[in-house]
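The structure under discussion appears below in the form of structure tokens.
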Amino acid sequence: MSFRPMSPVQPPPLWISFLHMTFALTFVLVGGGIVAQPLDWPLRGGLATGLVALVWSSFTLADTMALLSRNPSRNGRRLRPCHSRV
């Protein structure tokens, strides 16, 4: 049994490009659907704000998961403040 660390598997560049293109396409299509709705502009603005908030939170979640995967030894452990007496 070998104890050398395994290198992470990197997806091919074509797959990453495909993911970026599909994300951009779906964002444009959903944004176009919001604009094309027969609704008044304040409601469209609210839907567009919701779309931006959804994308922003998904990027934040992806960034958090990437940070956690870089340092697996810290997963599951909580940090305590310095002044804690526990």
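The chain is numbered in sequence order, starting from 1.
- In terms of hydrophobic clustering, with Ile, Leu, Val, Met, Phe, Trp and Tyr side chains grouped at heavy-atom distances under 4.5 Å, V28 and F59 are assigned to different clusters.
- The side-chain contact (heavy atoms from CB on, under 4.5 Å) check on M21 picks up nothing, with sequence neighbours excluded.
- Through side-chain heavy atoms spaced under 4.5 Å, either directly or across other Ile, Leu, Val, Met, Phe, Trp or Tyr residues, L29 is tied to L25.
- For the side-chain contact (heavy atoms from CB on, under 4.5 Å) test, residues two or more places apart in sequence or in another chain that qualify with T64 are T60, L68.
- Other residues sharing a hydrophobic cluster with L19 under the 4.5 Å side-chain heavy-atom criterion for ILVMFWY residues are W15, F18.
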Please tabulate, for side-chain N and O atoms in residues 41-56, each donor-acceptor pair with protein atoms closer than 3.5 Å (sequence neighbours left out).
residue: R44; atom: NE; partner: Q37; partner atom: O; Å: 3.1
residue: R44; atom: NE; partner: L39; partner atom: O; Å: 3.1
residue: R44; atom: NH1; partner: V35; partner atom: O; Å: 3.2
residue: R44; atom: NH2; partner: Q37; partner atom: O; Å: 2.4
residue: R44; atom: NH2; partner: L39; partner atom: O; Å: 3.2
residue: T49; atom: OG1; partner: G45; partner atom: O; Å: 2.8

